[in-house]
4 protein chains.
Amino acid sequence: MKEKEQKILDTSLPLFVEKGFHGTSTAEIAKTAGVATGTLFHYFKTKEDLIDRLYIYSKESILEAAEGDYDEDKSFKENVKSLWLNFVNFGIEDPYKFNFIMTFHCSPYITSFTKGRIEEKFVDLLEVYKKGFREGEIKQMYDELLMDYFWGNVLNTITHFEKNPERMNQENIELSFELFWDGISK
Amino acid sequence: MKEKEQKILDTSLPLFVEKGFHGTSTAEIAKTAGVATGTLFHYFKTKEDLIDRLYIYSKESILEAAEGDYDEDKSFKENVKSLWLNFVNFGIEDPYKFNFIMTFHCSPYITSFTKGRIEEKFVDLLEVYKKGFREGEIKQMYDELLMDYFWGNVLNTITHFEKNPERMNQENIELSFELFWDGISK
Amino acid sequence: MKEKEQKILDTSLPLFVEKGFHGTSTAEIAKTAGVATGTLFHYFKTKEDLIDRLYIYSKESILEAAEGDYDEDKSFKENVKSLWLNFVNFGIEDPYKFNFIMTFHCSPYITSFTKGRIEEKFVDLLEVYKKGFREGEIKQMYDELLMDYFWGNVLNTITHFEKNPERMNQENIELSFELFWDGISK
Amino acid sequence: MKEKEQKILDTSLPLFVEKGFHGTSTAEIAKTAGVATGTLFHYFKTKEDLIDRLYIYSKESILEAAEGDYDEDKSFKENVKSLWLNFVNFGIEDPYKFNFIMTFHCSPYITSFTKGRIEEKFVDLLEVYKKGFREGEIKQMYDELLMDYFWGNVLNTITHFEKNPERMNQENIELSFELFWDGISK
DNA sequence: GATGAATGAGTCTTCATTCAT
DNA sequence: CATGAATGAAGACTCATTCAT
């Protein structure tokens, strides 16, 4: 990827998160990225194209962050915790990318093609855990509720430590996971 | 409140939720509400003023929905469940108002004056519960985490049933509360 | 029609004729008409809409100019001459409108709906002459050739006197008609 | 002339005819011609330069088509007919070049230098006929009217057969010439 | 109170042209 | 020669807001 293209992606992501799609002008993005407006449209056909590419970019980052962790030798709880931590750490370390995904997940500006392409990979990732959930020591419930509960807790934890960074330490992160795990345990 | 003023409030709320602040034009609001653009600016000095008033309007609704419920004769869990249910029901019955609050809670368009005024009332409402939490049979943790966990679960539950309306029944709502409660229980 | 709307129509017509569709900017039109750019788009949804309305406006003018002239008591040649003169006079007196029609007749910016609506009226106007042409003392030929020959001569005459205004007098106009008439006479 | 230079000329001519000067972008020309934008500007200093060169190119083509035909042994009418046919055939066989000339004849983008240079040659070509017109069996009239009448008829004939290609045959072309000739004959 | 014509700054996007490679 | 990334002025169109009626 060309240098200016990357610069535009990196610059526009926090702007979109903080000011929304319509609240961020292409002029502002270009200016902040230190390129001409024409350059932005050289790399991204439209503003929609830019945000679509940002969505792919962010989702790939979060997938990478969580990937390839399942360890058969550890307990199921340990494996789930590891996944949970990967997501939470990603959200804390790269809050803009995380918030971008949360904000534009339902946005009409992300093409359904892109959404579908990404969602597929996500489903693959979680497949290995689903099995464990079903056999495990956790409450009986349908998949969607479990997934939403998991995600809700990840999101909640990230948001909480974003708001209260002085509270973020090993102990409180452990506690947050226990809140989640004790909720689903039988 | 005058009829047209009310019409503008009711019309603009879902528009703002679905298209965002900058994505919704005053012309569209006026047209949808069946009034002239001039009329909108007669009742609301600026677009910011309109969204500020919507925030007050929505927050007052949710406060009303949760108010005056604490019953000394019931167990603490029952009281918390009752509060949790009030919020969840509000979000399910009036999803636009609920989403409006969630979306514009952090928005720069809501004046900090308005935010402060409202937050104050909220704190009052929760004060009575805080005591219970401290004395109760729940895990030891600091207030902010508890509040955020509570809110995260409410939000999560509402979002889940919005996405999966066919799953919404007494049993699954109870289950959702148990996920929350078992999380904080010792 | 509102005053500013009319002003925009009158101002833009010569601009489009002289500089073409793409060569004339909406900013220039508005400035020349003495209105704000927003005003132009208040009355005309798009630039295409403006040129479409101009086409209707011009064609209606030329139709009015030629209308209702057929006189059974005069010779056929006199009637044709009268029609020919009406068109020629229109083109000389209102050269912008005439040139606008000639230039944008085949333009993709005029909707086919508008073209059809106008063409219909034109066909009606010429119908009464067609009969005469067929029975008359003129050469045998198919309708389209006759019509194109007639129009070509009208256009030619107007263009000629536009370029050589000092030549325009009764005698030369008569001569021009004779060039046309002797062409089609047997 | 280099291959790419020629390609650009051949590609841009129909584009300019169909979409106008401002309606055709240099990017589109380059893309259609299969060259880089930089290449276009290597051969043609500006867009105006390109259209200027196209004008010369087209006018030279039409001059070639009509050149060197006057035959003292034939009747004057035969000679005029031959010239008339040369132009008509050119317009029918190479409609884009012909239309280009007609469209950009009055265009401000063609430098007056170019126009003058070309017009000169044209005058030379017609000089030999003027004499004949004056002495011949045709109506008394001034030169400009005669020239415009001649051109008008050529243009008219070409346009007519472009619109009605199925009517184009020896007989109808003869008829078209007779319309013209009988018009100017005494 | 209610209207909607009028405004002009601001939006996204295109374009002719340049220049380093 | 040939390329295409880079530029920023200009284009069509939108929008919050005002004000005369």
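Predicted, not measured: the structure shown is a model, and the values here were computed from it. Each chain gets a letter, A, B and so on, in the order the sequences are listed, and its residues count up from 1.
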Between Phe21(A) (CZ) and dT14(F) (C1'), how many Å, whole number? 15 Å

Please check the phosphate of dT3(E) (OP1 and OP2 only) for any side-chain N or O of Lys4(B) closer than 4.0 Å. yes

Side chains of Gln6(D) and Tyr57(D): does their closest heavy-atom pair fall under 4.5 Å? yes

Given dC13(F), dT3(F), dT14(E), which nucleotide is nearest the side-chain atoms of Phe41(C)? dC13(F)

For dA5(E) and Lys7(C) - does any side-chain N or O of the residue sit under 4.0 Å from the phosphate oxygens OP1/OP2? no

Choose from dT17(E), dT3(E), dA5(F) the nucleotide whose nearest atom is closest to any side-chain atom of Lys2(A). dA5(F)

By nearest-nucleotide position on DNA chain E, the 5'-leaning member of Glu5(C) and Lys45(A) is Glu5(C)

Taking atom C1' of dG4(F) as reference, at what distance in whole Å does atom CD1 of Ile29(D) sit? 17 Å

Between Thr26(C) and dA12(F), is there a contact of a side-chain N or O with OP1 or OP2 at under 4.0 Å? yes

Roughly, in whole Å, what's the span from CZ in Phe44(B) to P in dA16(F)? 15 Å

Closest to side chain of Thr46(D), choosing from dT17(E), dA6(E), dT17(F): dT17(E)

Centroid-centroid distance, His22(B) to Tyr109(B), less than 6.0 Å: yes

Atom NZ of Lys31(C) and atom P of dC13(F) are separated, to the nearest Å, by 20 Å

Less than 4.5 Å apart, side chain to side chain, heavy atoms only: is that true for Ile158(B) and Phe90(B)? no

Between dA20(E) (C1') and Glu3(A) (CD): distance, integer Å: 15 Å

For a salt bridge (charged side-chain N to carboxylate O under 4.0 Å, His left out) check, start with the C-alpha distance between Arg53(B) and Glu5(B), then their side-chain angles and the critical distance, and finish with the verdict. CA-CA 11 Å; Arg53(B) 296 263 299 278; Glu5(B) 190 177 2; 2.5 Å; yes

Distance alone, cut at 3.5 Å: any donor-acceptor contact between the side chains of Lys19(B) and Thr24(B)? no

5'-most contact on DNA chain F (nearest-nucleotide basis), Tyr43(D) vs Ser25(C), goes to Tyr43(D)

Pairing partner (Watson-Crick or G-U wobble, both distances under 3.5 angstrom) of dT21(F): dA2(E)

Six-ring centre of Phe21(C), Lys47(C) cation under 6.0 angstrom, axis tolerance 45°: yes

Between P on dC15(E) and CG on Leu40(D), what's the gap in Å once rounded to a whole number? 14 Å

Interatomic distance, Glu28(D) CD vs dT17(E) C1' [rounded to whole Å]: 17 Å

With both distances under 3.5 angstrom, what nucleotide forms a Watson-Crick or G-U wobble pair with dC12(E)? dG11(F)

Check whether any side-chain N or O of Thr37(A) sits under 4.0 Å from OP1 or OP2 of dG8(F), and answer yes or no. no

I want to verify a distance call: between dT17(E), dA6(E), dA12(F), whose nearest atom is closest to the His42(C) side chain? dA6(E)

If you assign Gly38(B) and Lys47(A) each to the DNA chain E nucleotide with the nearest heavy atom, which residue ends up on the more 5' nucleotide? Gly38(B)

Rounded to whole Å, CG of Leu50(D) lies from P of dC15(E) at a distance of 16 Å

Just compare dC13(F), dT7(F), dT17(E) and give me whichever is closest to any side-chain atom of Ala36(A). dT7(F)

